[in-house]
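Take a look at the structure below.
Proteins come first, then strands; the chains are lettered A, B, ... in the order of their sequence lines, and each starts at number 1.
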Number of protein chains: 2
Amino acid sequence: MTGKQFTSVWIREPRKATGPGRSRQEIVRAAVEMLDEQGLGGLSMRKLGAKLSAGATSLYWYVANKDELLELAYDEVWAEMTVPDPGRVGWRDSASALAHSMRQVILRHPWSADLIGSMPALGPHAMGVADRTRKMFKAAGFTGLDIDFANATLTAYVFGMTIPEIAWNTAMGERGYDADEMRAAVARAAAGHPDLLERINMDTHDDPQAMREMCFDFGLVSMLDGLERRLAT
Amino acid sequence: MTGKQFTSVWIREPRKATGPGRSRQEIVRAAVEMLDEQGLGGLSMRKLGAKLSAGATSLYWYVANKDELLELAYDEVWAEMTVPDPGRVGWRDSASALAHSMRQVILRHPWSADLIGSMPALGPHAMGVADRTRKMFKAAGFTGLDIDFANATLTAYVFGMTIPEIAWNTAMGERGYDADEMRAAVARAAAGHPDLLERINMDTHDDPQAMREMCFDFGLVSMLDGLERRLAT
DNA sequence: ACCTGAACACCGTTCAAGT
DNA sequence: ACCTGAACACCGTTCAAGT
């Protein structure tokens, strides 16, 4: 009864219409830019203020705190995800396209991966995506709770495959180069596990990027097959 | 050729055997304790130093920096995951048990969810898990790259289902209470999406915890069905 | 070999004061 | 209504100095 109050930008009253000063919108846009360029650790209220040539603390007029700003930025990421209309193509194709879209969006905004585990996605864009994917699974033939279970399963798969992928990307300095050095490092870590080692040395000549795509597709197809099976029962 | 050097504790030379002073081991244990209690944001080198009744900066003798300490702590989490021996039960049961174990371990150490996207899991315990799960999928009958794809698919699913779950848990203050208030907040956010709203109001009388278990199992079964299908082809 | 404190360059946030 | 700077309570990390 006396639990901590759950707070979120999306629950508070929105600010009045934008006056002549800066707008929340432009602050969020600048924040997203900064996050894309410098990552989650690269965003500070002071630096963001400077970027907008504002005093360090002016932003607090528009935003309660940094967390709230991140919630706002997070929702912008959801805005980029495209949910195809399941009417035009089959549900499998729709789901597949959604999955690929989500993955690409997250890879484009690696900092968003850190937020998935930190704050529920309650923004209007996230809600829009949830609503549309829900409709998609409903159209596919799922009923009752299964609609949401199937939905959760698909997005869980995409998140789970993509989030660790980002860890690798950032470890490699966000570029493709030095893949050999990386492989050597992994091989060193795998010492004592001949099985793993064999595997690591196997793909010396493969493009790691292409490899990950293959892996993603393998899992996605499996996932969808499994969901289809639920549908048949 | 001139890429940024990739660094990790697991690549550097280990420290000499422990002398009479503090040990790396005890520092990591204290760090894990602190992380469990206060989360990722609650761990600071200063506070950890104090907890060990050491000067604030003494830890730097044992650990290169905070990131390295987190890598060490992260691997401790992997140590808690149990991979059943696939010889005794079928591979599906093994995979299923592994999945549940992983989920429980992550939920027990919510801070680890933040690390999954930040650093590759290269510690000895993580490697041990990778090695054993690989063997599991091999024993199941997967061959070549499919062994690793299937492996990646399963862990992706577990990560993806569990990481956002943590976001909800922390938003609710890590307790079960105030679920109603939470639901009201979500409903408010879902305004304008009658479909979603209907769904949210549906489970007013359900235990959210039990609900998540159901959801997890639904997806897991789907996942395993899909993998089994790969096996048949 | 191990530990310390001071110091540096940062943080997020509050708040009284300005326009 | 909007913006500011000073101030507070923190950070991680370096390094010369101690034992």
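With sequence neighbours excluded, the residues that form a ring-ring contact (aromatic ring centres under 6.0 Å, His included) with F216(A) are H100(A), Y157(A). For F159(B), there are no ring-ring contact (aromatic ring centres under 6.0 Å, His included) partners two or more places apart in sequence or in a different chain. Taking H193(A) as the reference, D131(B) meet the side-chain hydrogen bond (donor to acceptor under 3.5 Å, both in side chains) condition, with sequence neighbours excluded. Residues passing the side-chain hydrogen bond (donor to acceptor under 3.5 Å, both in side chains) test with S8(A), sequence neighbours excluded: E71(A). Partners of R212(B) according to the salt bridge (charged side-chain N to carboxylate O under 4.0 Å, His left out) rule, which considers only residues two or more places apart in sequence or in another chain, do not exist here. Checked against side-chain contact (heavy atoms from CB on, under 4.5 Å), M214(A) has the following partners two or more places apart in sequence or in another chain: L145(B), F149(B). Applying the side-chain hydrogen bond (donor to acceptor under 3.5 Å, both in side chains) criterion to N151(B), with sequence neighbours excluded, gives T133(B).
Counting to the nearest Å, the P atom of dC11(D) and the NZ atom of K66(B) are 8 Å from each other. Atom CD of E26(A) is separated from atom C1' of dC3(D) by 14 Å (rounded to the nearest Å). In this structure, R24(A) places its CZ atom 13 Å from P of dC2(D), rounding to the nearest Å. Atom P of nucleotide dC2(C) and atom CG of L52(B) are separated by 16 Å, given to the nearest angstrom.
When heavy atoms are screened at a 4.0 angstrom cut-off, A56(A) is found touching no nucleic acid atom at all.
For the segment residues 36-48 of chain B, residues with any heavy atom less than 4.0 angstrom from an atom of DNA chain D are, sorted by number, L43(B), S44(B), M45(B), R46(B), K47(B).
Residue pairs meeting the side chain to side chain donor-acceptor pair (under 3.5 Å) criterion with at least one partner in residues 42-53 of chain A, sequence neighbours excluded, are E33(A)-K51(A).
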statement: Pairing string of DNA chain D (Watson-Crick or G-U wobble, both atom distances under 3.5 Å; | = paired to other strand) is ||.|||||...|||||.||
Between the protein and nucleotides 14-19 of chain C, list the N/O to N/O atom pairs that are separated by less than 3.5 angstrom.
none

List the atom pairs, with distances to 0.1 Å, where a side-chain N or O of residues 103-113 of chain B and a protein N or O form a donor-acceptor pair under 3.5 Å, not counting sequence neighbours.
{"residue": "R103(B)", "atom": "NE", "partner": "E165(B)", "partner atom": "OE1", "Å": "3.2"}
{"residue": "R103(B)", "atom": "NH1", "partner": "E213(B)", "partner atom": "OE2", "Å": "3.4"}
{"residue": "R103(B)", "atom": "NH2", "partner": "E165(B)", "partner atom": "OE1", "Å": "3.4"}
{"residue": "R103(B)", "atom": "NH2", "partner": "E165(B)", "partner atom": "OE2", "Å": "2.7"}
{"residue": "R108(B)", "atom": "NE", "partner": "E80(B)", "partner atom": "OE1", "Å": "3.4"}
{"residue": "R108(B)", "atom": "NH2", "partner": "E80(B)", "partner atom": "OE1", "Å": "3.0"}
{"residue": "H109(B)", "atom": "ND1", "partner": "D36(B)", "partner atom": "OD1", "Å": "2.6"}
{"residue": "H109(B)", "atom": "ND1", "partner": "D36(B)", "partner atom": "OD2", "Å": "3.3"}
{"residue": "H109(B)", "atom": "NE2", "partner": "E80(B)", "partner atom": "OE1", "Å": "3.0"}
{"residue": "H109(B)", "atom": "NE2", "partner": "E80(B)", "partner atom": "OE2", "Å": "2.8"}
{"residue": "W111(B)", "atom": "NE1", "partner": "D36(B)", "partner atom": "OD1", "Å": "2.7"}
{"residue": "S112(B)", "atom": "OG", "partner": "H109(B)", "partner atom": "O", "Å": "2.7"}

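At least one side-chain heavy atom of R24(A) sits less than 4.5 Å from a side-chain heavy atom of V9(A).
The side chain of W61(A) places an N or O atom within less than 4.0 Å of a non-bridging phosphate oxygen (OP1 or OP2) of dC2(D).
Judged by distance alone, with hydrogens and angles left aside, the side-chain atoms of D114(A) form no donor-acceptor pair with the main-chain N or O of G117(B) at under 3.5 Å.
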